[in-house]
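Read through the structure below, which is laid out as structure tokens, and then see the notes.
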Amino acid sequence: MATKIRHLHRHHTSPVSESRTVQVIAIFLCLLFMALFLILPLWSVFIEAFAKGVGAYFSALANKDAQSAIRLTLLVAAVAVPLNVVFGVCASWAIAKFEFKGKALLITLIDLPFSVSPIISGMVYVLLFGAGSFLGPWLKSYGIEVLFALPGIILATIFVTFPFVARELIPLMQDQGTGDEEAALSLGANGWQTFWRVTVPNIRWGLLYGVLLCNARAMGEFGAVAVVSGRIRGQTTTIPLQVEILYNEYNGAAAFALASLLAMLALLTLVLKSFLEWRFGDELAATGRH
Amino acid sequence: MQVRIANVRKEFDRFPALHDVSLDINSGELIALLGPSGSGKTTLLRLIAGLEMPTAGKVFFGDIDASEKTVQERNIGFVFQHYALFRHMTILENVSFGLSVRPRATRPPAGEIRRRALELLDLVQLSGLEKRYPNQLSGGQRQRVALARALAIEPGVLLLDEPFGALDAQVRRELRKWLREMHDRTGHTTVFVTHDQEEALELADRLCVMSQGKIEQVGSPDTVYDQPTSPFVFGFIGESSELPVTVENGELWSGGRAIGVPAPDSKTGEARLFFRPHDVELVEHDASLAGVVTSSRRVGGTRRVELEIGGEGHKVEIDLPFDHPAGEKTRLAFRPKRWRLF
């Protein structure tokens, strides 16, 4: 009888699935690893942030330098993200809908910021706009400071977050092809109407997904921004830079209070991203069906 | 509207897709562009639409030269193989799109657009589905929405690119009949592209058979089927068998023997004989083509056998009644009833 039940049981399991024990061990190891390396550190950020109580937490956030760092971070993201949205849509439109020479090169170049170390990304701008360069002194003679000022931080952030939107949209637009646009044109719509009423709605979820990732990186970027900012307190420190300054001053509670903002941004991004994947995955499947 | 294509040539990256094609499409007719893939039929359709521009030659809509006009200015209705419905719009919004993107001066009021769209949905028998989205419809329904959307702008010419290509056989047959009825009712000049000869024969007033960027033959389904002007057309439209023969003394000869087929008007010499497998008669004693059955299979209500003629391994196919006793190695003698020489 027992053997019979086992036979039945084995009959119903898929030939590629492992035995129950192996499954449990694999899942357990995976969870343990995640707890150790992902959840525990994130948790400790909040523990440290509230180590001196809720009052200290909010007063650390209300600090003048902290406030200025938050404002600067929001400003940088508010400039860099829309610019990269415009660029990303243009690039993916060009790549997905037209044939032109140098297309492969453009695709490779879009990926460049992913493969370059953020320090190098920052150094590039120091070389371009620094005191020894050609552009720096020339711009300075017109009263425009790029390095160790807002423009430099924005440039470095744009460079680093450059691929996010384009990377998201290129495969989506390639998959969708030009059929819908041709249909709209044949129905008498002009280019502008076709773009806003057909192309943009077709890519809206993918676009939002790209914007989300782009924004998370724009607010969290450390390396490239650290090189070009000059870390003038209350002026050119973004949240990540301010966190590092506070930490180096052994002001752990204040550092982690600010860090907790970035952690919350990460969690929010994660939640929205999962929601979009659920929504947007559905839409992608729908494109395959018709 | 009458459409005239005059000496149109189209190259993609120096690779010619159409060589010097001319075609007159009569007002109100339903014409099929028929050919295998790579024959240039879709390119020709897209040139008429203005989705491609010719390398040389002109396209006339009536007396007006449309060659330089954009797709928007041509006022055509285009139906795509994969429907290209706007997936984020409801069926009603899809059908209304063409009217709602018109400039304010020529745009009908919203109520009027809605009324016309609903009317068209009624015409394509999809009333009640106007609030649905394209992915909630079956393939056949989607293609009918695509047709309603194209008709909404009151096009001068209706262009359909393999409209039934993505549908299964049953739905295809239904839609084919339905499209013919629609055409008879609305009377639009309609051009449709297909690689399915059965579809073209059944649906079209005229066929334009294309191959390798050229037009092979234009004519009514009967003409093209019964009097093909080239071996390609004979082979592409319907079933065909081919055999090398010799014309001598006003008769056809094969393997050194007369086969009992008089050909008084044909030029003496070598030729290729084409006939349809079902256009043959079995003969007992007279001069005929004789062969040995090499294979036999049931096709619908008949039995199709492959015969090896003579010693040189020439094979032809003929149809027999399904209950004919011929099996493998049986010797059969036949004569084609209708045939052509090329």
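Predicted model only: the values in this text are computed from it and were never measured. Sequence lines set the chain letters: A, B, ... in the order given, protein chains first and strands last, and positions in each chain run from 1.
Distance check, rounded to the nearest 0.5 Å: CG of A/L185 to OG1 of B/T70 gives 8.5 Å. Going from atom CD of A/E181 over to atom CG of B/L51 covers 12.0 Å, rounded to the nearest 0.5 Å. For the atom pair CG of A/L187 and CZ of B/F78, the computed distance is 11.5 Å after rounding to the nearest 0.5 Å.
Of the atoms belonging to B/R149, heavy atoms from both backbone and side chain fall under 4.5 Å from chain A. With a 4.5 Å cut-off on non-hydrogen atoms, B/I153 touches chain A through its side chain but not through its backbone.
Residue A/G179 comes nearest to B/F80 through the heavy atom pair O-CZ, 4.1 Å, listed as atom of the first residue, atom of the second, then distance. Here the shortest heavy-atom pairing between A/A183 and B/A84 reads CB-O, 3.8 Å. Nearest heavy atom pair, residue B/H88 against residue A/R197, reads NE2-O, 2.9 Å. Contact detail for B/F97 and A/V198: the closest heavy-atom pair is CZ-CG2, 4.0 Å. Of all non-hydrogen atoms in A/Q193 and B/V101, the two that sit nearest each other are NE2-O, 2.8 Å. Counting all heavy atoms, side chain and backbone alike, B/Q72 lies closest to A/N190 at NE2-CA, 3.7 Å.
A/F28 CZ: 12 or fewer foreign heavy atoms inside a 6.0 Å radius. Around CD of B/E52, the count of heavy atoms belonging to other residues, nucleotides or ligands within 6.0 Å exceeds 12. Atom CZ of B/F15 sits in a sparse spot, with 12 or fewer heavy atoms from other residues, nucleotides or ligands closer than 6.0 Å. Counting heavy-atom neighbours within 6.0 Å of B/R102 CZ, excluding the residue itself, gives a total above 12. Counting non-hydrogen atoms of other residues, nucleotides and ligands closer than 6.0 Å to CG of B/D168 gives a total above 12. For A/K103, the NZ atom counts as densely surrounded, since its 6.0 Å shell holds more than 12 non-hydrogen atoms of other residues, nucleotides or ligands.
Among B/S100, B/P103, B/A150, the residue with the largest count of heavy-atom pairs under 4.5 Å with chain A is B/S100.
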Trace of the side-chain contact (heavy atoms from CB on, under 4.5 Å) decision for B/R87 with A/D180: CA-CA 9 Å; B/R87 72 204 76 171; A/D180 285 11; 3.0 Å; yes

